[in-house]
Structure formats: C-alpha cells, structure tokens
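Following: one structure in structure tokens, then a few remarks.
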2 protein chains.
Amino acid sequence: MTEQPVINTQSDPRLLAVHDSMLDGLGQLADYFGFSKVTGQVFGALLLSPRPLCLDDMVELLDISKANASMTMRALGNLGMVREVWVRGASGRRKYYEAESNFWRIITNVLKSREMRDVERALHVMDDNAKKLNHAMDELSEEERHLATLYLERISHMQGLFQFAQLMIEAILEQVHDSPDEMPAIPNWD
Amino acid sequence: MTEQPVINTQSDPRLLAVHDSMLDGLGQLADYFGFSKVTGQVFGALLLSPRPLCLDDMVELLDISKANASMTMRALGNLGMVREVWVRGASGRRKYYEAESNFWRIITNVLKSREMRDVERALHVMDDNAKKLNHAMDELSEEERHLATLYLERISHMQGLFQFAQLMIEAILEQVHDSPDEMPAIPNWD
DNA sequence: CAGAACGTTCGGAAAGTTCTGAACGTATAT
DNA sequence: ATATACGTTCAGAACTTTCCGAACGTTCTG
C-alpha cells in the first residue's frame with residue numbers, strides 16, 4: 001500500500017528546518033524533565049505528523065534503532081502521551097500511534113503519577129522520622145535531646161515546604177480538570 | 001580549637017538513623033530534580049547540623065572527596081541554597097557554610113533561574129518557527145502548504161500549554177513573594 | 001505449512017555524568 | 001622565609017543511562 005508523505009529530505013528546507021527545530025526543542029525539554037531525549041523527539045514527530053506513525057517511520061525519521069523506538073513508545077504510552085490508533089488498510093499487526101492531543105490530560109497524568117507520588121513519599125519519610133524522634137526523646141541524654149529537638153524543628157520546617165508543593169500540584173490539577181479542552185483560566189490566588 | 005559535636009558513630013543510633021534517612025531522601029529528591037545526589041545530601045547535612053560546616057566536615061560526614069565537596073558547595077551557592085558564614089575562632093581562611101533556612105527564597109531562586117528560563121526559551125523557539133512558517137507560506141507548493149498549516153496549528157496548540165506553565169510559575173512566585181517567611185496561603189483559583 | 005512481517009527482549013557497546021586523587025595556588029602562621 | 005593549612009582545578013576512573021544489533025516469539029500471508 002502507498003503511504004502519505006510525512007516529511008523527508010525532498011521537502012522544502014524551511015519546513016524541514018522548523019520540523020527539526022521543534023523536535024530538538026522537545027528533545028531538550030524531555031531531557032530536562034528526566035525523560036530521555038528521544039522520548040521528546042518521538043513525541044514531536046507524532047505531533048507534527050499529518051498521519052499516525054509506526055515504529056519503522058520513527059526509525060527512518062529520527063535515525064534510531066527499532067528497539068529504541070519500541071521501548072520509547074511503551075514509555076510514552078505509560079505516560080498517556082501517545083495513543084495507539086487503528087489505520088485502515090494498514091496490514092495486519094502493525095501498530096500506529098498518534099500524539100495525545102489533549103495536553104491537559106497529559107499534564108494530569110504526569111503530575112499525578114510522578115510529582116504527586118514523590119511529594120507524598122517525601123512527606124511520609126519526614127513524618128516517619130519525626131515520629132521516631134518523639135518516641136526516642138525521653139531516653140536520650142541531655143545533649144542528644146537538644147540535637148533531636150533541632151531535627152524536629154528543621155524537619156517540620158521542611159514539611160511546610162512540601163505541603164505547599166502538594167497544594168500547588170493539587171490546585172493545578174483541579175484547575176486543569178475543570179477545563180479539559182481549552183486553555184485554563186489565569187489563576188487568582190487571593 | 002575544639003569543635004562542637006555534630007553527629008557521629010557515637011551518637012544514639014536512633015538519631016543517626018533519622019539523620020541518614022533524611023539525607024537519603026534529600027539525595028533522591030535532588031537526583032530527581034536534576035541535581036546530583038550528593039547535592040541533596042550536603043544540603044541535608046547542613047540542614048540538620050547544629051553548627052555551620054566546613055568542607056572537611058562534609059568529607060567526614062558523607063564520605064566524599066574534598067574535590068566533590070568543593071564543587072558541590074559552589075553549585076549550592078549558585079542556587080542560593082547555602083550561605084557562607086563566618087565562625088568566630090575558626091582559623092584563617094576556612095570557609096563555613098549553613099543551609100539557607102528561608103525555603104521560599106530557595107524556591108524563588110530555582111524557579112526563576114531554571115524553570116522560568118526554560119519555559120521562555122521554549123516559547124521563543126515556537127514563536128520563531130511559527131514566524132518562519134508564515135513567512136514561507138506563499139512560496140510553498142499546495143501540498144507543503146497543507147503541512148505548514150498543520151504545523152502552525154499544532155505549534156499554537158503547544159504554545160497554549162507553555163503559556164499556562166508560565167502563568168503557573170508566575171503565580172507561584174508571586175504567592176511566595178508575598179509571604180517570604182512563612183507558609184504561603186492556600187491558593188484559590190477562581 | 002513455510003516464509004515474511006512485526007514487535008519485543010536482552011547483552012553488551014557507547015555516551016554521558018559524577019567522583020576522585022594528585023597537583024597547584026594562595027593565604028596564614030611560625 | 002619557610003612550612004602548613006586550605007580551597008580549587010583537572011585528567012581520567014568509576015559508575016549510570018541510553019542505545020544498538022541480534023535473537024526470538026508471534027501473527028499474518030500465500
């Protein structure tokens with residue numbers, strides 16, 4: 001079967017330049033957010049493609065191995081950043097993907113699955129340690145009791161920070177949740 | 001000169017456990033945020049220390065090389081997460097550090113110097129590319145014009161996302177700025 | 001049923017990051 | 001002045017992450 005053109009070395013160099021610039025930017029961004037660079041590039045390729053892409057498309061487009069493409073797609077899938085789509089006429093079991101176009105859903109997924117969990121874990125650790133300190137307090141020497149008190153102070157200080165972070169994340173999630181299809185409103189904190 | 005005790009193998013094992021657990025948690029957190037693990041550990045050590053620490057203290061406390069300690073301190077200094085303090089009686093040019101205890105200032109620094117800049121750079125790239133596309137539009141073939149139009153659509157869609165991120169960061173900064181010494185209020189987005 | 005078409009997994013290669021020990025420079029103390 | 005104490009820099013060691021090619025298993029096609 002014949003395939004629609006995506007973009008290739010025959011395309012207008014200006015289009016190509018924009019295409020590559022976007023993929024590069026998304027690559028750096030992904031890197032910055034703790035994903036691999038190709039993760040961002042693949043997402044970009046899907047985003048700028050007029051049709052769904054299969055693994056071999058990405059191999060050709062980004063000059064990566066099929067193994068890499070496969071692993072990356074799974075990662076993106078788990079993040080809810082791409083979806084598998086069915087393409088009519090596409091033979092057999094070839095999988096085609098497109099970028100999840102609802103960015104707000106992506107934000108929700110990522111914030112929920114990553115940032116939220118980490119903040120919660122941190123809070124749990126601090127809570128745990130504070131409990132342990134309070135428990136041990138009576139049995140400590142004078143000097144150690146001073147140290148323990150200092151720890152409690154600093155830990156509780158830090159807990160404030162993380163509770164704040166938690167509130168921020170929750171607020172953003174709520175905000176995004178309320179306007180799932182368009183640009184959320186400007187926040188007003190008062 | 002004699003030094004105040006910080007914490008060591010002679011200390012109560014429960015104190016030691018809490019100390020190490022906190023450092024471990026901060027290490028992971030730092031890692032997650034794109035800093036090295038020791039960056040977080042060093043900050044933790046300062047945070048839980050009853051007195052300012054010098055490089056050699058950290059070498060002993062964290063079992064790292066002095067070179068590593070030196071580099072890490074500079075990094076933390078640039079982030080505004082530690083400050084150099086003068087210690088009376090401390091010989092000559094030995095440098096002592098303590099953790100910046102105003103976490104809200106730290107947030108401000110990090111958000112401003114990192115997240116903000118990246119979001120702005122991303123927006124700039126997209127803006128740039130959109131301009132290029134509009135410029136080239138007339139001279140493209142029919143088919144390429146379709147592609148360019150698709151690009152413009154998707155890019156503008158993505159710009160919405162980043163503008164949102166920018167607004168969030170600004171809102172958080174403002175929020176923190178208004179309450180520099182305590183827990184900021186719970187946000188209300190309506 | 002044989003062969004091609006695909007996606008996935010795995011061991012190890014390549015690239016990138018973090019850490020160290022040694023050399024160095026400069027300030028302090030004797 | 002000389003020696004010591006201290007922080008910094010640098011080349012490469014150690015470790016981590018990312019990536020690839022090859023082998024494999026499964027589904028389709030003829």
Side-chain angles (χ1 to χ4, degrees), chain A residues 1-3 23-24 26-43 45-46 52-79 82-98, chain B residues 1-3 23-24 26-43 45-46 52-79 82-98:
Chain A
M1 65 153 296
T2 56
E3 292 184 338
L23 294 217
D24 187 50
L26 286 172
Q28 290 182 234
L29 204 72
D31 200 20
Y32 178 76
F33 272 90
F35 306 104
S36 81
K37 201 176 69 173
V38 292
T39 304
Q41 292 175 335
V42 167
F43 182 77
L46 289 171
L53 300 179
C54 65
L55 289 189
D56 286 315
D57 287 330
M58 297 168 199
V59 168
E60 197 191 342
L61 227 50
L62 301 176
D63 198 40
I64 59 180
S65 74
K66 209 167 173 182
N68 197 359
S70 175
M71 294 186 301
T72 301
M73 286 319 300
R74 175 139 40 128
L76 282 173
N78 292 338
L79 285 168
V82 301
R83 65 156 59 98
E84 212 170 312
V85 291
W86 196 79
V87 171
R88 57 156 287 137
S91 239
R93 63 210 178 89
R94 175 154 264 172
K95 290 181 181 172
Y96 281 86
Y97 302 88
E98 62 183 22
Chain B
M1 65 153 296
T2 56
E3 292 184 339
L23 295 217
D24 186 52
L26 287 171
Q28 290 182 234
L29 205 71
D31 200 22
Y32 179 76
F33 272 90
F35 307 105
S36 80
K37 201 176 71 176
V38 293
T39 303
Q41 292 175 335
V42 167
F43 182 76
L46 289 170
L53 301 179
C54 66
L55 288 189
D56 287 315
D57 287 329
M58 296 167 200
V59 168
E60 198 191 341
L61 227 50
L62 300 177
D63 197 42
I64 59 180
S65 74
K66 208 168 175 181
N68 197 357
S70 175
M71 294 185 301
T72 302
M73 286 320 298
R74 175 141 37 127
L76 282 172
N78 291 339
L79 286 168
V82 302
R83 63 157 60 97
E84 213 170 311
V85 292
W86 197 78
V87 170
R88 57 159 291 131
S91 240
R93 62 209 178 87
R94 174 154 267 173
K95 291 180 179 172
Y96 282 86
Y97 302 89
E98 62 183 21

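Convention: sequence-line order gives letters A, B, ...; per-chain numbering from 1.
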* Would you indicate, yes or no, if C:dC19 has its OP1 or OP2 atom less than 4.0 angstrom from a side-chain nitrogen or oxygen of B:S36? => yes

* Asked: Do A:R94 side-chain and C:dA5 base share a donor-acceptor contact under 3.5 Å?
  -> no

* Separation of C:dT9 C1' from A:L55 CG (nearest whole Å) -> 14 Å

* To do: For B:S70 and B:K66, indicate whether the former's side chain and the latter's backbone hold a donor-acceptor pair under 3.5 Å.
  => no

* **By salt bridge (charged side-chain N to carboxylate O under 4.0 Å, His left out) - contacts of B:E60 (at least two apart)** => none

* Structure fact -> B:D56 atom CG is separated from D:dG7 atom C1', nearest whole Å, by 10 Å

* Pick base, sugar-phosphate or nothing for B:K37, based on heavy-atom distances below 4.0 Å to the nucleic acid. => nothing

* Decide yes or no for A:M73 and A:V42: does some side-chain heavy atom of the first lie under 4.5 Å from some side-chain heavy atom of the second? => yes

* Asked: Who are the salt bridge (charged side-chain N to carboxylate O under 4.0 Å, His left out) partners of B:R93, not counting sequence neighbours?
  -> none

* **Integer-rounded Å distance: D:dT16 P and A:F35 CZ** => 22 Å

* Contacts to DNA chain C from residues 69-77 of chain B, heavy-atom cutoff under 4.0 Å, which residues? -> B:M71

* **Gap between atoms CG and P, on A:L53 and C:dG7 respectively (whole Å)** => 12 Å

* To do: Please tell me which of the listed nucleotides, D:dG7, D:dG21, D:dT9, lies nearest to the side chain of A:A67?
  => D:dG21

* Between D:dT8 atom C1' and B:E84 atom CD, what is the distance in whole Å? -> 13 Å

* Asked: Over how many whole Å does the gap from B:K95 atom NZ to C:dT28 atom C1' extend?
  -> 15 Å

* Locate the shortest heavy-atom distance separating B:I64 from B:M58; write the atom from each residue and the value. => CG1-O, 4.1 Å

* Asked: Which nucleotide in the set D:dC20, C:dA27, D:dT26 lies at the smallest distance from any side-chain heavy atom of B:R93?
  -> C:dA27

* **Evaluation steps, side chain to side chain contact (heavy atoms under 4.5 Å, CB included), between B:Y97 and B:L53** => CA-CA 5 Å; B:Y97 302 89; B:L53 301 179; 5.9 Å; no

* Asked: Just checking B:N68: base, sugar-phosphate only, or nothing, at a heavy-atom cut-off of under 4.0 Å?
  -> base

* Say whether, by atom type as modelled, one donor and one acceptor occur between the side chain of B:T39 and the main chain of B:F35 under 3.5 angstrom. => no

* Residue met sooner reading DNA chain D from 5', once B:D31 and A:I64 are mapped to nucleotides -> B:D31

* Can you tell me the distance, in whole Å, between the CE atom of A:M58 and the P atom of D:dC19? => 15 Å

* Write down the distance between CG (A:D57) and P (C:dA5), rounded to a whole number of angstrom. => 16 Å

* C:dG21 OP1/OP2 closer than 4.0 Å to side-chain N/O of B:K66 -> no

